[in-house]
Amino acid sequence: MLGIRSLFNVSSKRAGSSLIDIGHSGNIGGRVVLVFQQKRNYCSCGGTEHSHHELGQQQQPSQHVRVRYAPSPTGYLHLGGLRTALFNYLFAKKNKGTFIMRIEDTDQTRFVPGSAKNLENCLEWAGIPYDEGPSRPGQCGPYVQSERLDIYKQYAQKLVESGHAYHCFCSSERLDASRLNLKNKYAMSLYDRHCLKLSREEIQTRLDRGDAHTIRLKIPHEKTTKFTDVVKGNVSFQNHLIDDQVLMKSDGFPTYHLASVVDDHLMGISHIIRGEEWLNSAPKHMILYEAFGWKPPIMAHVPLLLNSDKSKLSKRQGDVSVDSYMNKGFLPEALVNFVAFLGWSPEVKEGETPKEIMELDELIEKFSLEGINKSGSVVGMDRLDWFNVNHIRKMLMDKEKVVNFFLPKIKQQLLDMNIDIANVSDQYIIEAIQCVKDRVHVVDDFQSLLKGFFVSEIDYTTEEAMKMKAKVWKSDSKANVTTFATLLSQIPDSDFNADEIYKTLQIAANSIYQGLNEKELSQKVNQLMSNIRYLLLASPVGGGIPSTIQILGKENTLKRLGDGLNKQQ
């Protein structure tokens, strides 16, 4: 394959107005920022009116922003797909426009049953549902390309009649043989236009005979295709290096190129925001727009997502699917926030502190196509973890979200562990949640962190418990904990709180290890708390010991400590 940069030239300048009709513009930080209100000639969206459109037909101009996410139903939703959908959604909402979902299923060999519905479900989960699409039809349907085959056939025939496309009857064997002989210095091979030389009579005879054939776009090789991309700047393609693209396959299905252009026009798409991998297709689409006499949408090709080694993030990696993050317990708000910052950054005004933790409404307010980076973005899972932790902690500060979101989920987690919570108050669960919140990275972490608050008896035989004992339990641990338990029992019920419990820990450490300075005392207190944590929870990870003891209560804590001490050798 010919590399992208050898096929076209990209200027270093940002998008200018030479090839785009701009409504108005502003200047931010010395950079021209385009306000895309392009005057365009639309055909009607009505699904029953497509047969009346003529090439170059003039319609009323529209300034309404309409964008689309157009996935192929070939598997799960990849992080890159989510980012494309998100950028389109943010741009639409920022400009009070319409976000459309279109299913591009013309490649039936790659179709995966159920994946289209999964794509919809993932967008719903992420909080970025479409305005028009298969389940929410508007005036531009159908929104599944396999249901629009007659439309594509009519437009392909118009291209043949106007001389911009032609029938090709070449067999796959002939194509393979001819391509081997036509490889040029760019290591490319182009179709030799054998069928372009056929007479009208011969073409008609073969069509009447029912010979298998395709329809190809006739690329104007003598021209250069240029356009301005919002992200890439001024882009130039050498047409003589572009193959005569198949538009209609022999099975009656269109290729991506024809279907995409026709649908984008009929659905009134004003801006195309898609991955950089589609940039090589852009000249074919521009040529199609010109052939039809249509003004193309404004284009923005977003840089690739990369692995840590700078290789392209593969959609075949299961751990980069939205499903996998859903199953791991990541918050949709965190994943959306994380994905938004993969290749985009908001404008920071002078004197303003940069902000990364954002809700969806904040992302909408800040989003602009000019904020999209030109270079690829490395996907770091540690960053996703950071976003998730911060969103969890932010949500836990909201009492309504604790009650309506976390409480139901954690109750279900406890039931899944066969823990009876019939007599457990919501307040007790909420206090336990707040106690361990700083240890939570994903919502599912609550399950293991909270278990110790709800069991009637601690299991010291688990692998985790035995490893912890080997690490923290010393020859004097039993005596030390006994000293603490005695002092703990003396705290009045009215003063039984985390502050008093911590003071008691310090008093116990001072009593056991006399004459310590402040630093040494702190170390001994930590050592004592590790012994207590082992007996109370049999787990090295959890909330602070004083808070844990306060939530468990004096009676329950003393019972656990006593039972635990009796089981230690």
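In what follows, every heavy atom counts, from backbone to side chain, and hydrogens, waters and symmetry copies are set aside. Counting begins at 1 with the first residue of the sequence.
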If you compare all heavy atoms of [X] against all heavy atoms of [Y], which two are closest, and at what distance to 0.1 Å?
X	Y	result
Cys122	Leu77	CB-CD2, 3.6 Å
Ser377	Gly343	OG-N, 3.4 Å
Ala126	Leu82	CB-CD1, 4.2 Å
Pro303	Ile372	CD-CG2, 3.9 Å
Pro134	Pro137	O-CD, 4.0 Å
Val378	Lys310	CG2-CE, 3.6 Å

Indicate yes or no: at least one non-hydrogen side-chain atom of [X] is less than 4.5 angstrom from one of [Y].
X	Y	answer
Val402	Leu407	no
Ile410	Gln413	yes
His301	Val231	no
Lys554	Asp493	yes
Ile458	Leu535	no
Arg274	Asn88	no
Val389	Arg393	yes
Phe453	Val424	no

Where do Glu463 and Lys467 land on the salt bridge (Lys or Arg N to Asp or Glu O under 4.0 Å) test, with the steps shown first? CA-CA 6 Å; Glu463 182 180 357; Lys467 283 184 177 179; 3.3 Å; yes
Derivation and outcome, side chain to side chain contact (heavy atoms under 4.5 Å, CB included), residues Gln527 and Val472: CA-CA 8 Å; Gln527 182 180 321; Val472 306; over 6 Å; no
In terms of ring plane angle, is the pair [X] and [Y] parallel, tilted or perpendicular, where the classes change at 30° and 60°?
X	Y	value
Tyr534	Trp473	tilted
Trp344	Phe367	tilted
Phe341	Phe387	tilted
Phe446	Phe406	perpendicular

Taking atom [atom1] of [X] and atom [atom2] of [Y], what is their separation to the nearest 0.5 Å?
X	Y	atom1	atom2	value
Cys435	Ile430	SG	CD1	14.0 Å
Ile128	Met101	CD1	CE	10.0 Å
Met326	Asn121	CE	CG	7.5 Å
Lys409	Asp444	NZ	CG	8.0 Å
Ile532	Leu528	CD1	CG	4.0 Å
Asn390	Asn337	CG	CG	9.0 Å

Check the pair Leu79 / Leu335 against side chain to side chain contact (heavy atoms under 4.5 Å, CB included), numbers first and verdict last. CA-CA 9 Å; Leu79 272 186; Leu335 187 62; 4.0 Å; yes
Side-chain polar contacts of residues 499-516 - donor-acceptor pairs under 3.5 angstrom, sequence neighbours left out - could you list them?
unit_1, atom_1, unit_2, atom_2, d
Thr504, OG1, Glu500, O, 2.8
Tyr513, OH, Asp476, OD2, 3.0
Tyr513, OH, Asn480, ND2, 3.2

Any donor-acceptor pair under 3.5 Å linking the side-chain atoms of [Y] with those of [X]?
X	Y	result
Tyr143	Glu132	yes
Gln434	Lys437	yes
Glu347	Ser368	no

With a cut-off of 6.0 Å (strictly less than), are more than 12 heavy atoms of other residues, nucleotides or ligands near CD of Glu400? no
Tell me whether [X] contacts the main-chain N or O of [Y] through its side chain, where contact means a donor paired with an acceptor under 3.5 Å.
X	Y	answer
Asn388	Leu331	yes
Asn373	Ser375	no
Arg439	Gly542	yes
Arg68	Arg102	no
Ser522	Glu518	no
Lys312	Leu306	no
Asn95	Phe91	yes

Check the pair Leu313, Leu304 against side chain to side chain contact (heavy atoms under 4.5 Å, CB included), reporting the backbone distance first and the verdict last. CA-CA 8 Å; Leu313 192 70; Leu304 299 175; over 6 Å; no
Applying side chain to side chain contact (heavy atoms under 4.5 Å, CB included) to Ile298 and Val230, what does each step give before you reach the verdict? CA-CA 8 Å; Ile298 295 165; Val230 179; 3.5 Å; yes
The single option from Tyr89, Tyr69, Tyr130, Phe87 that satisfies ring-ring contact (aromatic ring centres under 6.0 Å, His included) with Phe99 is Tyr89
Using the side-chain contact (heavy atoms from CB on, under 4.5 Å) rule, pick out the option among Val455, Ile549, Leu565 that qualifies with Arg560. Val455
Please confirm whether the ring centroid of Trp278 lies under 6.0 Å from the ring centroid of Tyr256. yes
What I want to find out is whether Lys401 reaches Glu333 closely enough, with some N-O distance under 4.0 Å, to be called a salt bridge. no
Please determine whether salt bridge (Lys or Arg N to Asp or Glu O under 4.0 Å) holds for the pair Lys366 and Glu352, giving the CA-CA distance in whole Å, both sets of side-chain angles, and the decisive distance to 0.1 Å. CA-CA 13 Å; Lys366 292 287 187 180; Glu352 188 177 61; 3.5 Å; yes
Please step through side chain to side chain donor-acceptor pair (under 3.5 Å) for the pair Asp416 and Gln412, ending with a clear verdict. CA-CA 6 Å; Asp416 291 343; Gln412 188 58 55; 2.9 Å; yes
Per the salt bridge (Lys or Arg N to Asp or Glu O under 4.0 Å) rule, which among Arg136, Lys93, Arg66 passes with Asp131? Lys93
Sorted by chain and number, sequence neighbours left out, side-chain hydrogen bond (donor to acceptor under 3.5 Å, both in side chains) with Asn566 holds for none
